[in-house]
Amino acid sequence: MSKGCGDPLLLDADSRPRSCHPLGREFFARPPRRVARELLGKVLLRVEDGEIRAGRIVETEAYLGANDAAAHSAAGKTARNAVLFGPPGYAYVYFIYGAHYCLNVSCEQEGKAGGVLFRALEPLIGMEAMARARKLMTHGAGGHFAGDLRLLTSGPGRLAAAFGITRLRDNGCDLTSPDSSLWIGEDDFAKATVKVGPRIGITKAAAHPLRFFLAGNRFVSGPKSWR
DNA sequence: ATATCGATTATCT
DNA sequence: GATAATCGATATG
């Protein structure tokens with residue numbers, strides 16, 4: 001039983017999230033370790049053609065700029081990773097394994113690299129659109145996704161696909177502005193216990209405990225033994 | 001339930 | 001030319 005399931009966002013007449021307000025730039029202008037931990041329980045929103053997709057952030061990883069061999073920014077600024085060196089609160093989207101996009105948010109002040117990878121969300125709103133974007137809609141289900149909701153947003157590649165995130169569209173997007181198609185909000189969610197462990201899928205600097213997740217949440221990625 | 005493996009391409013050496 | 005902050009399919013216990 002995951003916490004947060006019965007914590008719906010209230011929507012006003014414009015279908016805009018009412019009880020959810022954007023996180024300010026200063027939230028992200030801090031060390032990635034801190035931002036990664038505090039992002040747990042916050043909400044990622046995609047607003048497109050008046051339609052909303054939203055998910056509770058339940059798993060993140062911190063990447064520490066120059067002091068972290070596993071970070072994309074470790075070897076210095078390039079065209080690909082430039083957003084990580086820019087001002088805080090912007091989307092860094094990269095393409096990996098010839099197949100998947102992954103979403104990060106820039107941290108620290110401009111000039112200092114650092115970021116947080118979004119690893120898993122608990123779906124709140126727009127599961128049908130997420131299933132469509134993931135190409136998981138089954139025939140004859142009457143527009144309702146009947147499969148396991150974990151297939152939508154449990155994993156960095158999956159959540160990016162579910163939210164229609166691509167580098168072309170979203171790299172450099174301001175995640176602190178509700179006028180953006182993609183932004184991060186805060187509601188009255190009471191955060192559950194946070195757990196920490198080593199990051200996933202990396203070879204360099206693999207031992208550091210920089211993966212954060214909500215204890216026992218079923219939407220945390222990977223096998224049960226990781227939750 | 002856990003393990004292994006192939007796919008596929010942007011980016012960097 | 002090698003590598004990668006992943007996923008889904010398949011095999012095996």
Side-chain angles (χ1 to χ4, degrees), chain A residues 28 31-37 39-40 44 55 57-85 90-108 113-121 123 130-138 145 147-173 175 182 184 195-213 216 218-227:
Chain A
F28 301 97
R33 202 188 308 259
R34 187 98 181 279
V35 177
R37 174 179 279 271
L39 271 177
L40 296 177
L44 179 70
I57 299 165
V58 300
E59 181 184 1
T60 58
E61 278 177 1
Y63 286 86
L64 311 183
N67 304 317
D68 179 2
H72 287 177
S73 49
K77 187 174 173 179
T78 67
R80 178 211 200 189
N81 65 23
V83 173
L84 290 174
F85 291 81
Y90 289 83
Y92 166 53
V93 180
Y94 66 89
F95 188 60
I96 191 70
Y97 294 117
H100 311 285
Y101 290 97
C102 293
L103 173 69
N104 302 249
V105 59
S106 61
C107 301
E108 303 280 18
V116 171
L117 170 69
F118 293 80
R119 282 203 58 91
L121 306 174
M130 295 182 202
R132 274 200 308 272
R134 289 267 292 121
K135 305 187 194 303
L136 292 176
M137 287 304 288
T138 52
F145 178 63
D148 187 338
L149 289 178
R150 282 176 298 189
L151 290 175
L152 298 180
T153 53
S154 292
R158 286 173 174 175
L159 76 87
F163 277 58
I165 293 167
T166 66
R167 179 166 172 89
L168 187 62
R169 242 188 114 180
D170 301 301
N171 191 55
C173 174
L175 298 179
L182 198 61
I184 301 169
K195 283 195 168 185
V196 189
R199 293 175 295 185
I200 293 172
I202 58 173
T203 54
K204 291 166 275 191
H208 299 114
L210 292 172
R211 168 177 172 260
F212 300 87
F213 56 99
R218 80 187 197 91
F219 293 95
V220 171
S221 72
K224 198 180 261 182
S225 57
W226 294 2
R227 300 176 221 153

Contacts of A/S106 that satisfy side chain to side chain contact (heavy atoms under 4.5 Å, CB included) - sequence neighbours left out: A/V83, A/Y90
B/S/- contact track for nucleotides 6-13 of chain C, protein heavy atom under 4.0 Å: BSS-----
Touch class at under 4.0 angstrom, heavy-atom based, for A/R80 against every strand present: sugar-phosphate
With sequence neighbours excluded, residues passing side-chain hydrogen bond (donor to acceptor under 3.5 Å, both in side chains) with A/R199: A/D68
Nearest atoms (heavy-atom pairs only) where A/P32 meets A/E108: CD-OE2, 3.5 Å
A/R37: side chain to side chain contact (heavy atoms under 4.5 Å, CB included) partners, not counting sequence neighbours: A/V194, A/V196, A/F212
Qualifying salt bridge (Lys or Arg N to Asp or Glu O under 4.0 Å) pairs, either residue in residues 152-166 of chain A, two or more places apart: none
Listed partners of A/A69 passing side chain to side chain contact (heavy atoms under 4.5 Å, CB included), at least two apart: A/K204, A/A205
Side chain to side chain donor-acceptor pair (under 3.5 Å) contacts in which one or both residues fall within residues 159-172 of chain A, not counting sequence neighbours: A/R46-A/D170, A/E48-A/R169
Could you pull out every donor-acceptor pair under 3.5 Å between side chains of residues 220-227 of chain A and any protein atom, sequence neighbours left out?
unit_1	atom_1	unit_2	atom_2	d
A/S221	OG	A/E59	OE1	2.9
A/S221	OG	A/E59	OE2	3.2
A/S221	OG	A/R119	NH2	3.3

Segment of DNA chain B, first to last nucleotide, that comes within the 4.0 Å heavy-atom reach of chain A: B/dT2 to B/dC12
Residues which pass side-chain hydrogen bond (donor to acceptor under 3.5 Å, both in side chains) with A/H72, listed by chain and number, not counting sequence neighbours: A/Y92
Dot-bracket line, read 5' to 3' along DNA chain C, where crossing pairs take [ ] and | marks a partner on another strand, Watson-Crick or G-U under 3.5 Å: ||||.|||||||.
5' priority, DNA chain B, between A/F95 and A/A79 [closest heavy atom]: A/F95
Rounded distance in Å - CZ (A/R167) to C1' (C/dA5): 14 Å
Residues in side-chain hydrogen bond (donor to acceptor under 3.5 Å, both in side chains) contact with A/R134, at least two apart in sequence or another chain: none
